[in-house]
Amino acid sequence: WCELRDLTDARIALGRAGSGLPTRALQQLRVAQARARDAVHAKLTTSAVAQQFQGRGHDVLIVRSAAADRRTYLARPDLGRRLDDASRRELERAAGKLQRSDAGFILVDGLSAAAIDRHAVFLLDLVIPQLAKEGWALAPIVIVQQGRVAIGDEISRALKAKMAVVLIGERPGMSAPDSLGVYLTWQPHPGVTDAERNC
């Protein structure tokens, strides 16, 4: 067990104190639970992320899902899958100036805004220049508050993107409160099932 413990962040070989965990292991577990809970309730620093991309010369749009606040977002996943009316109108205005694009990058806070704050700019700094070298046309970067993966379908269709690339903060685990997922959907449109995405 001890050899395996050195190879993983999983909580194995923690030992015992009577019928429970040793104090140190219990404290570490409670800290991890608190970090995960904080990650779920943290707000995305939307303007700071947008400014970083704008400083690199990218067009950025900021939108919201139909979930009005975090509590509603957590209780009603369906509202996180679609845009609110104001955001839908904003995308329609932006789309009027756009040609069809090969892909659209959509950054979604999901269940861990920290994942977007910490990793999204770094990741796209590596990906976007490579795609530009290969001649890809990209839609404006869209940052979504209170969103779920499927919201990328509506956004990409509005922006005439052939592929949706949704970067989303994943559900925090006990070892990683800032895990970033990337979901690719070809020919996105509302009603696409999760079976039609690559993660």
Side-chain angles (χ1 to χ4, degrees), residues 39 42-65 80-84 87-172 176-199:
K43 286 188 175 182
L44 180 62
T45 57
T46 310
S47 58
V49 174
Q51 286 172 3
Q52 290 181 71
F53 284 115
Q54 289 164 339
R56 290 159 168 76
H58 302 298
D59 292 328
V60 178
L61 299 169
I62 298 172
V63 299
R64 294 187 57 87
S65 77
R81 296 184 184 112
R82 61 180 193 260
L83 293 165
D84 70 4
S87 297
R88 193 172 291 112
R89 288 191 296 272
E90 175 70 21
L91 283 176
E92 287 169 2
R93 280 193 295 273
K97 308 169 191 171
L98 297 174
Q99 301 295 322
R100 179 161 291 283
S101 59
D102 296 309
F105 287 97
I106 300 128
L107 283 53
V108 183
D109 52 5
L111 291 170
S112 176
I116 297 296
D117 282 337
R118 294 179 188 157
H119 308 302
V121 174
F122 173 77
L123 177 61
L124 293 189
D125 277 349
L126 299 173
V127 173
I128 289 176
Q130 186 62 40
L131 294 178
K133 282 183 197 173
E134 295 179 16
W136 286 52
L138 299 178
I141 294 170
V142 180
I143 301 173
V144 184
Q145 297 170 314
Q146 315 288 18
R148 305 271 178 177
V149 172
I151 203 166
D153 301 332
E154 183 178 3
I155 292 168
S156 297
R157 185 181 68 173
L159 296 180
K160 307 171 191 171
K162 295 177 189 173
M163 181 171 66
V165 183
V166 175
L167 283 67
I168 189 167
E170 296 286 9
R171 180 179 293 110
D178 62 347
S179 179
L180 183 71
V182 180
Y183 293 79
L184 308 174
T185 308
W186 178 248
Q187 296 180 337
H189 57 85
V192 168
T193 67
D194 288 342
E196 298 173 83
R197 307 185 200 285
N198 286 320
C199 176

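- Between Leu111 atom CG and Arg148 atom CZ the span is 5.0 Å, to the nearest 0.5 Å.
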- Message: Pair Leu107, Leu44 - check side chain to side chain contact (heavy atoms under 4.5 Å, CB included), show working.
- Response: CA-CA 10 Å; Leu107 283 53; Leu44 180 62; 6.0 Å; no

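- Note that CG of Leu83 is 5.0 Å distant from CD1 of Ile155, once rounded to the nearest 0.5 Å.
- Environment of CD in Gln99: sparse, with no more than 12 heavy atoms of neighbouring residues, nucleotides or ligands closer than 6.0 Å.
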- Item | Stepwise side chain to side chain contact (heavy atoms under 4.5 Å, CB included) test for Arg56 and Val121 | CA-CA 10 Å; Arg56 290 159 168 76; Val121 174; 3.6 Å; yes

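- The nearest pair of heavy atoms linking Lys162 to Trp186 is O-CE3, 3.6 Å.
- Between Arg157 and Glu154 no salt bridge is recorded (no basic side-chain N to carboxylate O distance below 4.0 Å).
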- Message: Quick one, Asp109 with Gln146, criterion side chain to side chain contact (heavy atoms under 4.5 Å, CB included). Give me CA distance, side-chain angles, the key distance, then yes/no.
- Response: CA-CA 6 Å; Asp109 52 5; Gln146 315 288 18; 4.1 Å; yes

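- For CZ of Arg197, the number of neighbouring non-hydrogen atoms (other residues, nucleotides, ligands) closer than 6.0 Å is greater than 12.
- When each of Ile143, Val60, Ile128, Val182 is paired with Phe105, the side-chain contact (heavy atoms from CB on, under 4.5 Å) condition holds for Ile128 and for no other.
- Closest of all the heavy-atom pairs between Leu138 and Ser101 is C-CB, 3.8 Å.
- A pairwise comparison of heavy atoms in Asp117 and Val49 identifies OD1-CG2, 3.5 Å as the closest pair.
- The shortest heavy-atom contact between Gly152 and Ala164 is O-CB, 3.9 Å.
- Scanning all heavy atoms of the two residues, the minimum distance from Gly104 to Ala161 falls at N-CB, 3.8 Å.
- Taking all atoms of both residues into account, the shortest heavy-atom contact from Lys160 to Leu98 is NZ-O, 3.2 Å.
- Between Ile151 and Val63 there is no side-chain heavy-atom pair separated by less than 4.5 Å.
- The CD atom of Glu170 sits 3.5 Å away from the OH atom of Tyr183 when rounded to the nearest 0.5 Å.
- Note that CZ of Arg93 and CZ of Arg89 are 7.5 Å apart. Values are rounded to the nearest 0.5 Å.
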- Could you go through the side chain to side chain contact (heavy atoms under 4.5 Å, CB included) check for Ile116 and Leu167 one step at a time? CA-CA 7 Å; Ile116 297 296; Leu167 283 67; 4.2 Å; yes

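- In this structure, His58 NE2 and Asp125 CG are separated by 6.5 Å, a value rounded to the nearest 0.5 Å.
- Between the side chain of Ser87 and the backbone N or O of Arg64, at least one donor-acceptor pair lies under 3.5 Å.
- Taking OG1 from Thr46 and CD from Gln51, the interatomic distance works out to 11.0 Å, rounded to the nearest 0.5 Å.
- Side chains of Val166 and Thr185 form no contact here, defined as non-hydrogen atoms less than 4.5 Å apart.
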- Worked check of side-chain hydrogen bond (donor to acceptor under 3.5 Å, both in side chains) between Thr193 and Glu196: CA-CA 6 Å; Thr193 67; Glu196 298 173 83; 3.1 Å; yes

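- Within 6.0 Å of the NZ atom in Lys43, the count of heavy atoms belonging to other residues, nucleotides or ligands does not exceed 12.
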